[in-house]
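Below: the structure, in structure tokens.
Protein chains get the first letters and strands the later ones, always in sequence-line order, with residue 1 at the start of each. Values below: all heavy atoms of this structure, side chains included; hydrogens, waters and symmetry mates excluded.
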Amino acid sequence: MTDLFLHDSAARTKRRFQPIDPAHVRMYVCGPTVYDLAHLGNARPVVVFDVLARLLRRLYPKVTYVRNITDVDDKINARSRDSGEPISAITARTTADFHRDMAALGALPPDVEPRATGHIAEMIALIERLIANGHAYAADGHVLFSVPSFGDYGKLSGRTPDELLAGARVDVAPYKRDAGDFVLWKPSDDATPGWDSPWGRGRPGWHIECSAMSWKHLGEEFDIHGGGHDLIFPHHENEVAQSVCAFPGHAFAHYWMHNGMLLVDGEKMSKSLGNFRTVRDILAEGPWAGEAFRLLLLRTHYRASLDFTMEALREAKAELDDHYAMLSRAPAAPGGSAASHLADWVIAPLLDDLNTPLALARLRDLRTLENAVTVGGSPAVAMERAGLAAPPAPGVAAAAFREAAAVLGVATGDPAAWLQGGGDDAADVEAAIAARLAARKAKNWAEADRIRDDLKAKGIVLEDGAGGTTWRRA
RNA sequence: GGUCCGGUGGCCGAGUGGUCAGGCAAGGGUCUGCAAAACCCUCUACAGCGGUUCGAUUCCGCUCCGGACCUCCA
């Protein structure tokens with residue numbers, strides 16, 4: 001395997017990935033604020049960084065992937081006020097919903113999933129350091145980060161503080177020394193969650209939690225920080241400011257990765273626009289929908305914006321149908337070096353800034369190769385692309401497919417379950433197939449076709465192959 | 001208004017200074033009792049206008065269009 005290259009948002013270019021410690025790669029990704037069901041846009045970073053985590057685990061002996069849960073936030077407080085549901089109930093339920101939805105998308109859990117409310121002490125410690133270092137000040141019950149105290153402020157998002165202020169959409173609070181200063185800690189009234197602190201009972205600002213949790217679980221400096229593109233400013237810009245100023249001499253995240261936005265009808269899906277669709281909505285389409293949506297997400301490069309359509313979801317399902325059909329008919333074969341070599345060929349595009357669309361195209365070539373040697377046909381074109389001089393033995397391309405697909409987290413399920421699951425009439429289908437076989441032996445084509453049409457009406461598709469008749473649900 | 005990203009064939013979507021992306025859809029074919037599946041073939045595009053170059057879809061400039069960010073956001 002060759003080197004891994006990642007697009008670094010801070011450098012605005014692709015950089016060769018050089019881990020701080022090759023024996024232990026560390027990655028932090030911004031997780032959800034748990035006050036509502038995850039929408040489609042929330043799923044994109046989860047799936048994208050799930051693939052990156054899988055890839056890193058293939059390349060390095062140890063990977064620690066941290067993704068937080070934000071369970072203290074004014075949106076949660078507002079939700080509780082509106083609905084009357086206790087905050088703890090909202091966050092517990094929404095966290096469980098999030099876990100279930102992301103599992104349905106085939107996303108493996110992160111190694112550590114810290115909760116903001118479990119890291120209040122670390123946040124306070126961080127704020128105290130910032131005050132001691134002259135980068136923060138208490139005012140009117142608040143603690144604010146002093147933006148002018150950090151010369152590199154704006155470097156990540158590529159703006160100057162002046163530019164940022166030019167279009168600011170908010171009124172400047174009177175207790176701010178500088179209009180760009182942002183809140184680290186704010187006072188809570190009796191009806192609002194709060195923790196005792198040197199500045200009185202209060203709660204953290206939005207950005208300090210990620211600085212605290214990444215510090216606690218990954219240290220002052222770590223390899224990769226990920227999240228949605230819309231988080232670059234202000235969230236990540238402020239995180240950098242907090243962490244670098246709290247720990248002078250440390251660079252915080254070495255690589256910043258941001259996924260593009262998911263659009264619906266050409267516009268960003270967001271709660272404020274009210275055009276969001278939940279992951280739950282998609283999962284309701286059928287047992288296939290979670291994996292199909294995952295594939296849909298990976299069919300577009302992670303940094304490009306992606307316009308979601310139901311048609312694209314159905315196309316992704318059709319692609320999985322074909323993948324699983326191939327896997328179900330391919331003979332078992334030992335992995336071996338031929339298979340590993342082919343798997344590496346599929347995985348290689350991922351080393352170039354996670355080029356999942358190209359990797360998926362090569363995965364299809366593996367399917368073509370296996371089909372050609374298993375079912376019949378010419379493997380020539382796929383062979384040429386894969387750089388093969390001779391067709392692989394039956395089962396080898398399928399073994400390579402499974403190995404590569406595991407890195408993408410796509411088509412990793414049981415083929416029979418995918419193709420034939422979702423019903424309890426399997427025995428009836430088998431009986432009908434046997435009856436049709438008898439009719440065919442007797443050259444009673446009318447009866448054979450009647451049985452086939454009968455099954456088709458029930459959503460069962462028959463396929464007569466060299467090895468007998470197989471069936472699947474449409 | 002400022003900053004940034006992008007416009008690839010009917011649709012989706014990689015990539016490249018000069019010989020192939022790929023998928024879906026469509027049409028044709030091989031196979032099949034007929035189908036289905038599989039495989040093969042066809043469909044040859046890079047928003048527009050300039051510039052650099054022997055040569056530009058690829059680099060540069062301008063224009064048009066779309067999107068994101070500018071202290072809620074994945």
Side-chain angles (χ1 to χ4, degrees), chain A residues 12 29-33 38-46 48-49 73-75 78 147 157-160 162-170 172 179-183 205-207 226-235 237-238 258-263 266-273 276 296 299-301 303-307 309 311-312 314-316 318-319 322 325-326 329 349 352 355-365 367-368 370-372 374-382 384-385 440 443-445 448-449 452-453 456 461-466 469-472:
Chain A
R12 272 161 272 276
V29 175
C30 287
T33 300
H39 67 214
L40 264 32
N42 292 313
R44 176 119 98 140
V46 172
V48 163
F49 291 105
D73 183 278
D74 284 349
K75 288 191 289 291
V147 166
S157 54
R159 302 157 214 246
T160 67
D162 287 347
E163 282 171 350
L164 291 169
L165 283 177
R169 301 186 286 198
V170 292
V172 177
D181 294 351
F182 58 90
V183 170
W206 173 31
H207 317 293
H229 190 259
D230 54 349
L231 255 31
I232 291 178
F233 189 87
H235 186 51
E237 191 72 61
N238 291 354
H258 293 97
N259 61 274
M261 296 295 98
L262 187 143
L263 311 177
E267 273 194 311
K268 185 175 94 159
M269 168 160 27
S270 77
K271 306 212 165 158
S272 56
L273 285 173
F276 67 93
L296 177 156
R299 276 159 56 116
T300 299
H301 184 83
R303 285 197 288 117
S305 53
L306 186 168
D307 200 358
T309 64
E311 189 191 353
R314 281 187 289 270
E315 197 178 299
E319 179 170 348
D322 292 345
M326 178 276 287
R329 68 172 82 97
D352 181 17
N355 190 341
T356 54
L358 188 54
L360 287 168
R362 291 184 176 184
L363 203 57
R364 278 179 222 117
D365 275 332
R367 184 182 80 204
T368 297
E370 186 61 50
N371 281 335
T374 303
V375 186
S378 167
V381 176
E384 192 185 331
R385 273 197 291 270
R440 292 181 67 205
K443 296 203 189 304
N444 185 351
W445 308 127
D449 291 350
R452 188 172 61 198
D453 291 344
K456 192 179 178 185
V461 178
L462 297 191
E463 290 165 9
D464 297 331
T469 299
T470 58
W471 65 278
R472 64 183 170 84

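For B:rC46 and B:rU16, the C1' atoms lie 11 Å apart once the distance is rounded to whole Å. Spacing between B:rA14 and B:rG6 at atom P, rounded to whole Å, works out to 12 Å. For the P atoms, the distance from B:rG27 to B:rG18 is 36 Å, rounded to whole Å. Taking atom P in both B:rC43 and B:rG51, one finds a spacing of 33 Å when rounded to whole Å. Only the P atoms considered, B:rA21 is 33 Å distant from B:rC4, to the nearest whole Å. Separation of the C1' atoms belonging to B:rC12 and B:rU71 is 36 Å when rounded to the nearest angstrom. Annotation: B:rC41 and B:rC20 have their P atoms spaced 15 Å apart (nearest Å). Taking atom P in both B:rG9 and B:rU44, the straight-line distance is 13 Å, to the nearest Å.
Nucleotide B:rG33 forms no Watson-Crick or G-U wobble pair with any nucleotide shown, as no partner meets the under 3.5 Å limit on both distances. In this structure B:rA14 sits in no base pair that meets the Watson-Crick or G-U test at under 3.5 Å. Nucleotide B:rA26: paired with B:rU42 (Watson-Crick or G-U wobble, both distances less than 3.5 Å). Summarising the base pairing, B:rA21 is matched to no nucleotide, lacking a Watson-Crick or G-U wobble pair whose two defining distances lie under 3.5 Å. Remark: B:rA47 base-pairs with B:rU63; criterion is Watson-Crick or G-U wobble with both hydrogen-bond distances under 3.5 Å.
Taking atom CG of A:D307 as the reference point, atom C1' of B:rG7 lies 14 Å away to the nearest angstrom. Summarising the geometry, the separation between CE on A:M269 and C1' on B:rG67 is reported as 14 Å, rounded to the nearest angstrom. Rounded to a whole Å, the CG atom of A:L262 is 18 Å from the P atom of B:rC73. Following rounding to the nearest Å, A:R12 (CZ) and B:rC4 (P) show an atom-to-atom distance of 9 Å. What separates CG of A:D230 from P of B:rC70 is a distance of 8 Å, to the nearest Å. Note: CG (A:L306) to C1' (B:rC5) measures 15 Å, nearest angstrom. The CZ-P distance, from A:R314 to B:rC11, rounds to 18 Å in whole Å. Computed from coordinates, the A:F233 CZ to B:rG2 C1' distance equals 13 Å when rounded to whole Å.
Among the atoms of the strands shown, none is found under 4.0 Å from any heavy atom of A:G465. Among the protein residues, A:G41 comes within range of the nucleic acid bases, having at least one heavy atom under 4.0 Å from a base atom. The residue A:H235 sits apart from the nucleic acid: no heavy atom pair falls under 4.0 Å.
Put simply, CG on A:N259 and OG1 on A:T300 are 12.0 Å apart, with the number rounded to the nearest 0.5 Å. A distance of 10.0 Å separates CZ of A:R44 from CE of A:M269, quoted to the nearest 0.5 Å. Within the model, atoms CG of A:L306 and CG of A:L262 stand 5.0 Å from one another, a figure rounded to the nearest 0.5 Å.
Looking at A:H39, its side chain comes within 3.5 Å of the base of B:rA74 through a donor and an acceptor atom.
The side chain of A:R329 lies closest to B:rA37, out of B:rC73, B:rA74, B:rA37. Each of B:rU71, B:rA35, B:rC73 was ranked by its minimum atom distance to the side chain of A:R452; first place goes to B:rA35. Among B:rC70, B:rA38, B:rC40, the nucleotide with an atom closest to any side-chain atom of A:N371 is B:rA38. In the set B:rC73, B:rA38, B:rA14, the nucleotide with an atom closest to the side chain of A:N355 is B:rA14. Distance from the side chain of A:C30 is smallest for B:rA74 among the nucleotides B:rC39, B:rC72, B:rA74. The side chain of A:L263 lies closest to B:rG67 when the candidates are B:rG67, B:rU71, B:rC40. The A:H229 side chain lies nearest to B:rA68 when the options are B:rA35, B:rA68, B:rA14. Checked against B:rA14, B:rA38, B:rC69, the side chain of A:K268 finds its nearest nucleotide in B:rC69.
Not one side-chain nitrogen or oxygen of A:W471 sits closer than 4.0 Å to the OP1 or OP2 atom of B:rA37. Neither OP1 nor OP2 of B:rG67 sits under 4.0 Å from any side-chain N or O of A:S305. Residue A:N42 places at least one side-chain N or O under 4.0 Å from the OP1 or OP2 atom of B:rA74.
Nearest heavy atoms, A:C30 versus A:L231: CB-CD2, 3.9 Å. Taking each heavy atom of A:W206 and A:P234 in turn, the nearest pair found is CZ3-CG, 4.3 Å. Shown here for A:A372 and A:S378, the closest heavy-atom pair between the two residues is CB-C, 3.9 Å. The two residues A:N355 and A:H301 have their closest heavy-atom pair at CA-ND1, 3.9 Å. Closest heavy-atom contact between A:F233 and A:S157: CD1-OG, 3.7 Å. The minimum heavy-atom distance between A:M261 and A:H229, with the atom names listed, is CE-N, 3.3 Å.
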Nucleotide N/O of nucleotides 46-48 of chain B paired with protein N/O under 3.5 Å:
none

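With sequence neighbours excluded, the residues satisfying side-chain hydrogen bond (donor to acceptor under 3.5 Å, both in side chains) with A:E319 are A:R299, A:H323, A:R364.
Salt-bridge formation is detected for the pair A:R452/A:D449: a Lys NZ or Arg NE/NH1/NH2 atom is positioned less than 4.0 Å from an Asp or Glu carboxylate oxygen.
RNA chain B is contacted by both A:N259 and A:N238; A:N238 maps to the nucleotide lying nearer its 5′ end (nearest heavy atom per residue). Mapping A:D449 and A:E267 onto RNA chain B by nearest heavy atom places A:D449 closer to the 5' end of the strand.
Side-chain contact between A:V381 and A:R385 is present, with heavy atoms from C-beta onward closer than 4.5 Å.
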Contact pattern, 5' to 3', of nucleotides 17-27 of chain B - B, S or - by protein heavy atom under 4.0 Å: ----BSBS---
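Looking at A:D307, its side chain does come within 3.5 Å of a backbone N or O of A:G266 through a donor-acceptor pair.
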